[in-house]
2 protein chains.
Amino acid sequence: MSAADQIFAMLKESSQSGAPLYLQLRRSIEEAVNRGLIGPGDALPSERDIASKADISRVTVRKAVQDLVKGGILVQRHGSGTFVAPRMERVEQSLSRLTSFTEDMARRGMNVRSVWLDRGLYAPSPDEMMVLGLSSTELVARVARLRIANDTPLAIERAALSANVLPDPEAIGSSLYAALETTGNRPVRAVQRISATNLGDADARLLEVPPGVAGLQIERISYLASGKVIEFTRSVYRGDAYDFVAELRLTGPGEELRP
Amino acid sequence: MSAADQIFAMLKESSQSGAPLYLQLRRSIEEAVNRGLIGPGDALPSERDIASKADISRVTVRKAVQDLVKGGILVQRHGSGTFVAPRMERVEQSLSRLTSFTEDMARRGMNVRSVWLDRGLYAPSPDEMMVLGLSSTELVARVARLRIANDTPLAIERAALSANVLPDPEAIGSSLYAALETTGNRPVRAVQRISATNLGDADARLLEVPPGVAGLQIERISYLASGKVIEFTRSVYRGDAYDFVAELRLTGPGEELRP
DNA sequence: GGCTATTGGTATTTTATTGGTATTATTCCG
DNA sequence: CGGAATAATACCAATAAAATACCAATAGCC
């Protein structure tokens with residue numbers, strides 16, 4: 001509602017008398033977007049709302065809106081509404097919450113989807129045997145997916161677990177952690193390591209960037225309450241499109257860091 | 001019961017009239033979770049309960065709940081109920097602990113030293129004026145150093161502060177924060193942004209790596225208790241030699257969900 | 001162990017709201 | 001006068017929101 005009012009106020013104050021109505025309206029909307037009054041993903045008032053409130057015909061409103069749609073500023077969905085086009089910019093992900101990828105993107109009005117790259121049981125690599133504590137006769141479950149926002153690939157996630165805790169990788173729904181819950185294997189602690197790497201050919205191709213550009217690499221090892229390692233995940237994020245944000249607090253002078 | 005009432009109260013007070021019902025409900029639940037009114041592991045009222053008490057259809061309730069399930073906020077179990085999902089949270093780390101390069105390296109048994117690249121007062125750049133809230137007549141103190149562990153250059157740190165809080169950059173000893181303490185300017189909060197970049201020629205030469213290799217870039221803005229920005233630091237770490245480690249812990253119910 | 005109330009899961013339909021389009025009148029300017 | 005830009009009217013089509021009715025799994029009680 002507020003967003004709408006911003007536009008209307010702007011339209012009123014616009015002393016561009018003489019110019020065609022649809023041009024005045026177009027400029028008002030454009031400016032509202034550029035000034036951030038309505039952000040990417042936000043919905044505009046319906047064409048009829050704008051028309052009645054601004055007391056002009058809907059076709060005139062439509063002309064203004066369509067110009068902006070053609071210019072890529074707005075996006076329209078039949079039966080749904082008109083929205084400010086999501087810009088990719090840089091995506092910020094809070095470090096404090098892990099599972100919020102989908103939620104985070106949805107809040108920005110981005111269309112999120114995942115593509116499975118791999119889901120299956122394999123003979124473990126030496127690395128996996130070490131970290132997960134497997135013998136060479138046991139199997140490892142590998143789960144890999146490409147995360148995509150607005151048709152732009154953002155990250156590759158590769159998880160490895162003991163086949164004992166995830167006997168059927170194909171059965172995973174949208175959340176790996178949810179699947180672990182159902183088998184009673186809950187990680188209670190994890191250690192994450194963030195580093196930077198130059199993307200290799202394969203990963204670069206998946207993320208649709210030239211090989212060699214910088215990527216954020218995150219390795220995570222999750223532990224059960226018993227201290228046993230349950231999961232080992234290596235994720236690569238596009239460096240040009242992703243930021244990790246962490247908020248820090250300084251402990252007081254008297255307090256110890258951790259008892 | 002209490003948890004349910006919290007939600008309903010929130011739903012009533014929500015003056016988001018006009019918005020779709022399921023969105024209002026979704027926001028209410030989301031906020032209840034974020035504010036800790038219902039913690040991880042707690043059960044939500046049944047879909048039918050919510051529906052009848054809020055006087056809306058169950059499908060509408062379901063739509064809201066399912067969105068949150070997809071986002072990983074809630075977990076549903078057929079025949080059992082809907083629960084707040086346990087989530088991984090980063091264990092709180094103190095500012096000094098996270099940023100103290102020397103301490104970090106010493107813990108790994110490395111011999112650490114620094115080389116000053118720059119220490120002086122300058123006219124502020126537009127960026128610095130913006131972030132630090134300076135006028136063009138004020139001066140900015142810039143402090144830059146190359147950090148070296150075991151004779152291997154690991155990072156470049158460039159800090160910018162108002163000249164008011166650091167009138168004599170040359171007088172800094174080994175710790176910038178110690179110098180700030182003595183003038184009574186103590187940051188209590190900081191926001192960090194971690195990203196990846198390909199190192200430019202100058203930085204690559206300082207870090208003794210070929211240009212173009214991946215580097216971890218960390219931007220940090222520190223705040224005083226008053227909320228004023230006191231420091232703006234941009235650091236670049238060699239991606240192949242430095243890791244940023246964070247520990248995560250799963251917050252959830254003490255008891256097991258599934259026996 | 002098996003029954004049963006309670007829980008989430010699903011399919012189908014109705015309705016209101018949204019953008020989409022064709023047609024027509026008006027104004028402005030060469 | 002004529003053509004193009006502008007604006008208004010009336011109607012079409014797609015989507016989302018919401019409700020109804022029914023299915024299936026779980027937990028708890030006997």
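What's counted below: heavy atoms across the whole structure, side chains too, no hydrogens, waters or symmetry copies.
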Length of the [atom1]-[atom2] vector between [X] and [N], whole Å:
{"X": "B:Glu47", "N": "D:dA25", "atom1": "CD", "atom2": "P", "answer": "16 Å"}
{"X": "A:Leu25", "N": "D:dA7", "atom1": "CG", "atom2": "P", "answer": "10 Å"}
{"X": "B:Arg62", "N": "C:dT12", "atom1": "CZ", "atom2": "P", "answer": "16 Å"}
{"X": "A:Leu74", "N": "C:dG20", "atom1": "CG", "atom2": "P", "answer": "11 Å"}

Listed partners of [X] passing side chain to side chain contact (heavy atoms under 4.5 Å, CB included), at least two apart:
{"X": "A:Asn164", "result": "A:Glu138, A:Ser162"}
{"X": "A:Ser226", "result": "A:Leu224, A:Lys228"}
{"X": "A:Leu121", "result": "A:Leu139, A:Ala141, A:Ala163, A:Pro169"}
{"X": "B:Val131", "result": "B:Ile221, B:Val229, B:Phe232"}

Check: What string of B, S and - do you get for nucleotides 24-30 of chain C 5' to 3' if you count protein non-hydrogen atoms under 4.0 Å?
Finding: -------

Item checked: For A:Asn198, side-chain hydrogen bond (donor to acceptor under 3.5 Å, both in side chains) partners two or more places apart ->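 By the side-chain hydrogen bond (donor to acceptor under 3.5 Å, both in side chains) rule, A:Asn198 matches no residue at all.
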
Review item, side-chain donor-acceptor pairs of residues 201-219 of chain A, under 3.5 Å, at least two apart:
{"unit_1": "A:Asp203", "atom_1": "OD1", "unit_2": "A:Arg158", "atom_2": "NH2", "d": "2.4"}
{"unit_1": "A:Asp203", "atom_1": "OD2", "unit_2": "A:Arg158", "atom_2": "NH2", "d": "3.4"}
{"unit_1": "A:Glu219", "atom_1": "OE1", "unit_2": "A:Arg193", "atom_2": "NE", "d": "3.4"}
{"unit_1": "A:Glu219", "atom_1": "OE1", "unit_2": "A:Arg193", "atom_2": "NH2", "d": "2.8"}
{"unit_1": "A:Glu219", "atom_1": "OE2", "unit_2": "A:Arg234", "atom_2": "NE", "d": "3.2"}
{"unit_1": "A:Glu219", "atom_1": "OE2", "unit_2": "A:Arg234", "atom_2": "NH2", "d": "2.9"}

Next item on the list: Please name all residues satisfying salt bridge (charged side-chain N to carboxylate O under 4.0 Å, His left out) with A:Glu128, sequence neighbours left out, ordered by chain then number.
Entry: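 With sequence neighbours excluded, A:Glu128 shows a salt bridge (charged side-chain N to carboxylate O under 4.0 Å, His left out) to A:Arg142, given in chain and number order.
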
Notebook entry, point to check: Judged by atom type as modelled, is there a donor-acceptor pair below 3.5 Å linking the side chain of A:Thr60 to the main-chain atoms of A:Ile56?
Noted result: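 Side chain of A:Thr60 to backbone of A:Ile56: no pair is present.
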
Next item on the list: Ignoring hydrogens and angles, tell me if any N or O in the side chain of A:Ser57 forms a donor-acceptor pair with the backbone of A:Val59 under 3.5 Å.
Entry: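 Yes, A:Ser57 side chain to A:Val59 backbone: donor-acceptor pair under 3.5 Å.
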
Item checked: All pairs passing side-chain hydrogen bond (donor to acceptor under 3.5 Å, both in side chains) where residues 70-79 of chain A contributes a residue, at least two apart ->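 For residues 70-79 of chain A: A:Glu47-A:Gln76, A:Gln76-A:Thr82.
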
Item checked: side-chain N/O B:Gln76 vs D:dA25 OP1/OP2, d < 4.0 Å ->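 False: B:Gln76 side-chain N/O out of range (4.0 Å or more) of D:dA25 OP1/OP2.
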
Check: For A:Gln66 and C:dG20, is the shortest distance between a side-chain N/O and OP1 or OP2 below 4.0 Å?
Finding: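 Yes, A:Gln66 has a side-chain N/O under 4.0 Å of OP1/OP2 on C:dG20.
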
Between the protein and nucleotides 28-30 of chain D, list every N/O to N/O distance that falls short of 3.5 Å.
none

Check: Is the A:Tyr242 ring parallel, tilted or perpendicular to the A:Tyr237 ring (thresholds 30°, 60°)?
Finding: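 If you compare the ring of A:Tyr242 with that of A:Tyr237, the planes turn out tilted.
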
Notebook entry, point to check: Which pair of non-hydrogen atoms, one from A:Pro40 and one from A:Ala85, has the smallest distance, and what is that distance?
Noted result: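 Looking at all heavy atoms of both residues, the closest pair is CB-O, 3.8 Å.
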
Check: Between A:Thr233 and A:Glu231, do the side chains contain an N or O donor and an N or O acceptor separated by less than 3.5 Å?
Finding: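 Short answer, yes.
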
Pairwise N/O distances under 3.5 Å, protein to nucleotides 16-23 of chain D:
{"unit_1": "D:dA17", "atom_1": "OP1", "unit_2": "B:Tyr22", "atom_2": "OH", "d": "3.1"}
{"unit_1": "D:dA18", "atom_1": "OP1", "unit_2": "B:Leu21", "atom_2": "N", "d": "3.2"}
{"unit_1": "D:dA18", "atom_1": "OP2", "unit_2": "B:Leu21", "atom_2": "N", "d": "3.4"}
{"unit_1": "D:dA18", "atom_1": "OP2", "unit_2": "B:Tyr22", "atom_2": "N", "d": "3.4"}
{"unit_1": "D:dA19", "atom_1": "OP2", "unit_2": "B:Ser57", "atom_2": "N", "d": "2.6"}
{"unit_1": "D:dA19", "atom_1": "OP2", "unit_2": "B:Thr60", "atom_2": "OG1", "d": "3.2"}

Checklist line | Axis deviation across the helix from C:dG1-D:dC30 to C:dG30-D:dC1, five-pair ends, to the nearest 10° | finding: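 About 20° separates the two local helix axes.
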
